[in-house]
Amino acid sequence: MPELPDVETWRRYLDATALHQEVDLVRVPAPKVLVGTTPQGLGHALKGRRIDETYRHGKYLFARLDTDGHLVLHFGMTGQLRYSRAGESDCDATACIHFSNGAQLHYIAPRKLGHIALSGSVNGFVAAHQLGPDALSIDAERFAELVQGRHGAVKSWLMNQHIMAGIGNVYSDEILFQARIHPRHQVKALDSDGLRDLHEALHEVLEAAIEAGADPDRMPESFLLPHRREGGHCPCCGADLDTTRVGGRTAWFCPRCQPLS
DNA sequence: AGGTATGTTAATTG
DNA sequence: GCAATTAACATACC
């Protein structure tokens, strides 16, 4: 799940539950997810501090610690957050922040492909990881600039975090479906109409998905996402959906609505 | 048992 | 040297 809309949904969840509470201690049963720090280092950085604000850039969630510094969370393919109040215990977390009010914030990444790090500044982290601009911050002009000098399949371009940050396999399929563009269409071959449709679809899809709390059951009727499985049909024309391999990942699309031109 | 899975990154190829 | 593609990573599920 964890693409831009999912991470934004967790950011809001964190805002609604875990702000302004003093950290008592941090447990990290699976230290493998830590990048550039240790369980002790993380504990030292967080103890006695409070999260006072959150940010998101692409698929990364930043929790600003009061006075200075940020906790950085990345969810990999399966990560999630869960806040529990005092008394509700929940022990199979990958990492867990215990607050002095007894509540806990669990970071659960069953496949341990996620990452937890510390960073002084959001911009510094983004620069160090060479992330492109957040997908939702891109206007039509910038979008057109990002195509310059690029080649290959449009789906891979959308998913390249160095070009723009936040779009993964599921939402790139959704954006291309709404724009009626085949996932293997060459990004160089996009004309100005195609570029405009793609940019509009990007914003519409990501904003609608956030509005739905990134829950497939709450997405608009017209979305491909809930039909994106074996035997699924196009919500627009009813054709059997098809798959193809693009950049090592499975792309779902409607062969009738998204012809390869 | 083998293939697939929403993530990134290092290695490889063009 | 750059950009694009592929393999590897850890674990769960069908």
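Every chain is numbered from 1, with letters handed out A, B, ... down the list of sequences. Note that the structure is predicted; figures quoted are calculated from it, not measured.
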Rounded to whole angstroms, how far apart are [atom1] on [X] and [atom2] on [N]?
{"X": "A/His151", "N": "B/dG14", "atom1": "NE2", "atom2": "P", "result": "12 Å"}
{"X": "A/Tyr171", "N": "B/dG7", "atom1": "OH", "atom2": "C1'", "result": "15 Å"}
{"X": "A/Met77", "N": "B/dT4", "atom1": "CE", "atom2": "P", "result": "13 Å"}
{"X": "A/Arg229", "N": "B/dA5", "atom1": "CZ", "atom2": "C1'", "result": "17 Å"}
{"X": "A/Phe75", "N": "B/dT8", "atom1": "CZ", "atom2": "P", "result": "13 Å"}
{"X": "A/Asp173", "N": "B/dG7", "atom1": "CG", "atom2": "C1'", "result": "15 Å"}

How long is the span from the [atom1] atom in [X] to the [atom2] atom in [Y], to the nearest 0.5 Å?
{"X": "A/Lys59", "Y": "A/Leu4", "atom1": "NZ", "atom2": "CG", "answer": "9.0 Å"}
{"X": "A/Asp240", "Y": "A/Arg256", "atom1": "CG", "atom2": "CZ", "answer": "9.0 Å"}
{"X": "A/Leu198", "Y": "A/His185", "atom1": "CG", "atom2": "NE2", "answer": "9.5 Å"}
{"X": "A/Leu73", "Y": "A/Leu71", "atom1": "CG", "atom2": "CG", "answer": "4.5 Å"}

Original post:
Taking OP1 and OP2 of B/dT9, is either one under 4.0 Å from a side-chain nitrogen or oxygen of A/His129?
Top reply: yes
**OP:** Between C/dA10 and B/dA11, how far apart are the P atoms? Round to whole Å, please.
**Re:**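 One P to the other, the span is 15 Å.
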Subject >> side-chain contact (heavy atoms from CB on, under 4.5 Å) partner of A/Asp66, chosen from A/Glu22, A/His20, A/Arg49 >> reply: A/Arg49
Subject >> Span of DNA chain C, from the first to the last nucleotide whose atoms fall under 4.0 Å of chain A heavy atoms >> reply: C/dA3 to C/dA12
Within the 4.0 Å heavy-atom criterion, would you say [X] contacts the bases, only the backbone, or no part of the nucleic acid?
{"X": "A/Arg228", "result": "sugar-phosphate"}
{"X": "A/Arg249", "result": "base"}
{"X": "A/His115", "result": "nothing"}

Subject >> Base-pairing assignment for B/dA11 (Watson-Crick or G-U wobble, both under 3.5 Å) >> reply: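 Across all strands, the one nucleotide that pairs with B/dA11 is C/dT5.
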Original post:
What residues join A/Tyr55 in its hydrophobic cluster, counting side-chain heavy atom gaps under 4.5 Å, either direct or through other members?
Top reply: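 Via sub-4.5 Å side-chain contacts, A/Tyr55 links to A/Tyr60, A/Phe62, A/Val72, A/Val122, A/Phe125, A/Val126, A/Leu131.
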Subject >> Heavy-atom closest contact (A/Lys155 atom, A/Ser172 atom, distance) >> reply: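 In this case the closest contact between A/Lys155 and A/Ser172 is NZ-OG, 2.7 Å.
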Original post:
Relative to the 5' end of DNA chain C, which residue comes earlier, A/Arg150 or A/Lys32, by the nucleotide with the nearest heavy atom?
Top reply: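 Looking at the nearest nucleotide for each, A/Arg150 comes out on the 5' side.
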